[in-house]
Amino acid sequence: MENVVRIAIQKSGRLQEGSLQLLKESGLSISNGKDQLKAHVRNFPVEILFLRDDDIPQYVEDKVADVGIVGENVFIEKGKKNTLIKRLDFAKCRLCLAIPRSEAYTGLQWFQNKNIATSYPTIVSQFLKKNNIVAGIHEISGSVEIAPGIGLADGICDIVSTGSTLLSNGLKEVETVLYSEAVMIATPELAQEKQNLLNKLLFRIEAVQKAKNNKYILLNCPNDAIEKITTVIPGMNSPTILPLKKEGWSSLHSVVDENDFWQKIDQLKSFGAQGILVIPIEKMIE
Ligand code: PRT
Ligand code: ZN
């Protein structure tokens, strides 16, 4: 087989934009072709296949595609012989059990001998079994949230993101069955040459992910604050210090984690930092 990695992504839907964006940020120049089944990449030996998300695990297992990007919920539900090789940090959601708002929820026992509508019968039955609950599972492929209202089921198990779909259908979330995000999956045995190409791509994806979680920070500070400031923002190795024209002052450059950013800014200010600039990073390689 020729030396190209075939990546299956969703043809249209909630995963498509994030998947394409990730590949583009990793430097792949993707010829348009959203409407086609395949897109070519000019500057990397990769071919992109556009498929329905539900079909991707099967195509990957059958080696029609080498890797795929799907929701973790679909990866687990389909139970194919694929491996999860990378969490991708987008399309975050949770698979939840929900019941009519008017019901008093008494804990998982509530579901004993009830009927649950869901598009995820495998995950739900495993969850119920683990918790010693016996319930009927009614598989439906869409609009699961209307099932209790039309008398098709007592409760549902569906993907929740903001919760507004549940709310507008008179339901309340009572249990989280699974947290999910977009993941990259692969066939377990890739030919060595393909694996090498995939490793190069994964390296790029990691650089993009790290960059997203970090910011470049520049500030001015009195020289006697440099030590204290360095303990707060040590950077990738050690900060860069450049003398300012103003006697006794320096410009300090470093990186800061997006998550504890605001807390650190307060500390830096209290140490005498001024003129703080925070700039996005495009790629980050340690
Ligand atoms: O056509 P195709 O089969 O490819 O797409 P699809 O319709 O099966 O999937 P799609 O595009 O809806 O979702 C793809 C993946 O996105 C899912 O498998 C999840 O991993 C992830 N994801 C993230 C979501 C949501 N957020 C989400 N909110 N998938 C579905 N929803 C739906 C949910 O089913 C419910 O109807 O949105 C509604 C709930 O949203 P809130 O914000 O009202 O809570
Ligand atoms: Zn689908």
Side-chain angles (χ1 to χ4, degrees), residues 6-23 33-39 48-62 64-65 67-80 82-101 105 116-127 137-150 152-153 155-186 205 209 212:
R6 287 215 182 81
I7 305 178
I9 67 169
Q10 195 187 24
K11 186 170 171 61
S12 69
R14 285 183 168 86
L15 296 170
Q16 206 227 19
E17 197 187 321
S19 307
L20 277 175
Q21 194 189 334
L22 180 77
L23 297 174
K34 272 187 195 175
D35 303 325
Q36 300 160 358
L37 177 67
K38 257 192 217 177
I48 298 174
L49 305 181
F50 296 99
L51 299 167
R52 281 200 58 196
D53 68 344
D54 314 72
D55 297 336
I56 291 176
Q58 184 71 61
Y59 276 90
V60 173
E61 187 185 79
D62 293 344
V64 176
V67 295
I69 297 178
V70 288
E72 202 171 346
N73 48 308
V74 169
F75 164 66
I76 297 177
E77 177 66 25
K78 299 294 174 190
K80 302 291 172 194
N82 299 318
T83 13
L84 193 167
I85 53 170
K86 190 140 207 64
R87 291 177 190 282
L88 299 175
D89 209 28
F90 67 91
K92 292 199 170 171
C93 56
R94 51 198 192 275
L95 185 63
C96 294
L97 285 164
I99 64 171
R101 241 189 342 252
Y105 187 62
I116 303 170
T118 186
S119 310
Y120 298 90
T122 306
I123 297 177
V124 177
S125 55
Q126 279 168 4
F127 178 82
I137 293 175
H138 196 101
E139 183 179 354
I140 42 180
S141 59
S143 305
V144 174
E145 64 279 357
I146 65 167
I150 59 172
L152 196 64
I156 66 165
C157 189
D158 199 14
I159 299 287
V160 179
S161 158
T162 61
S164 68
T165 302
L166 293 184
L167 195 68
S168 60
N169 285 281
L171 300 172
K172 62 181 175 189
E173 188 179 330
V174 291
E175 302 284 345
T176 302
V177 174
L178 177 82
Y179 287 94
S180 176
E181 66 189 286
V183 295
M184 189 176 267
I185 60 172
I205 290 174
Q209 285 184 331
K212 282 215 173 104

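Note: hydrogens, waters and symmetry copies are ignored here, and every other heavy atom, side chains too, is used. Just follow the structure's listing: the first ligand is 1, and inside any ligand the first atom is 1. Heads up: numbering here begins at 1 and tracks the sequence.
- The backbone N or O of Cys96 lies less than 3.5 Å from no partner atom in the side chain of Thr176, so there is not a single donor-acceptor pair.
- Against a heavy-atom cut-off of under 4.0 Å, Val160 is close to the following atoms of ligand 1: 44 (O).
- Here Asp158 has side-chain heavy atoms under 4.0 Å from ligand 1, and that is the only part of it that gets that close.
- Of the polar atoms of Gly163, at least one N or O is found under 3.5 Å from an N or O of ligand 1, judged by distance alone.
- The two residues Ile140 and Ala147 make their nearest non-hydrogen contact at CD1-CB, 4.1 Å.
- Neither side chain, Glu77 nor Asn73, offers a donor N or O lying under 3.5 Å from an acceptor on the other.
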Show your reasoning for whether side-chain contact (heavy atoms from CB on, under 4.5 Å) applies to Ile156 and Leu166.
CA-CA 10 Å; Ile156 66 165; Leu166 293 184; 3.9 Å; yes
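- When hydrogens are left out, the protein atom nearest atom 43 (O) of ligand 1 is Thr165 OG1, 2.5 Å; that is the closest non-hydrogen contact.
- Here the heavy atom of the protein found nearest to atom 18 (O) of ligand 1 is Asn73 ND2, 2.9 Å.
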Could you please spell out the steps behind the side-chain contact (heavy atoms from CB on, under 4.5 Å) verdict for Lys80 and Ile185?
CA-CA 10 Å; Lys80 302 291 172 194; Ile185 60 172; over 6 Å; no
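- When the heavy-atom distances from atom 22 (N) of ligand 1 to Gly13, Cys93, Ser143 are ranked, the shortest goes to Cys93.
- Looking at ligand 1, you'll find an N or O of Arg52 within less than 3.5 Å of one of its N or O atoms.
- Around the OH atom of Tyr59, the shell of radius 6.0 Å holds no more than 12 heavy atoms that belong to other residues, nucleotides or ligands.
- If you check which protein heavy atom lies closest to atom 28 (N) of ligand 1, you get Ser161 CB, 3.4 Å.
- For the pair Glu72 and ligand 1, the shortest N or O to N or O distance does not fall below 3.5 Å.
- Atom 33 (C) of ligand 1 has Ile159 O, 3.3 Å as its closest protein atom, hydrogens excluded (heavy atom only).
- From Glu175, atom CD reaches atom CG of Leu95 across 12.0 Å, with rounding to the nearest 0.5 Å.
- Only the side chain of Val74 comes within 4.0 Å of ligand 1, judged by heavy-atom distances.
- Counting heavy atoms from C-beta on, the side chains of Phe50 and Gln16 come closer than 4.5 Å.
- For the pair Leu15 and Ile9, the minimum side-chain heavy-atom distance is 4.5 Å or more.
- Comparing heavy-atom distances from atom 37 (O) of ligand 1 across Glu173, Arg14, Lys11 singles out Arg14 as nearest.
- Distance check for atom 7 (O) of ligand 1: every protein heavy atom is found at 4.0 Å or beyond.
- Note: angle at the Zn ion (ligand 2), from OD1 of Asp54 to OD1 of Asp53, is 70° (rounded to 10 degrees).
- Taking the charged nitrogens against the carboxylate oxygens, Glu173 and Arg94 do have a contact shorter than 4.0 Å, which makes a salt bridge.
- Scanning the protein heavy atoms around atom 10 (P) of ligand 1, the nearest turns out to be Gln10 NE2, 3.8 Å.
- Those atoms of ligand 1 that come under 4.0 Å of a heavy atom in Gly71, given as number and element, are 20 (O).
- Expressed to the nearest 0.5 Å, how far CG of Leu37 lies from CG of Leu51 amounts to 6.0 Å.
- Annotation: atom 41 (P) of ligand 1 to nearest protein heavy atom, Thr162 OG1, 3.3 Å.
- Heavy atoms from both the backbone and the side chain of Asp53 come within less than 4.0 Å of ligand 1.
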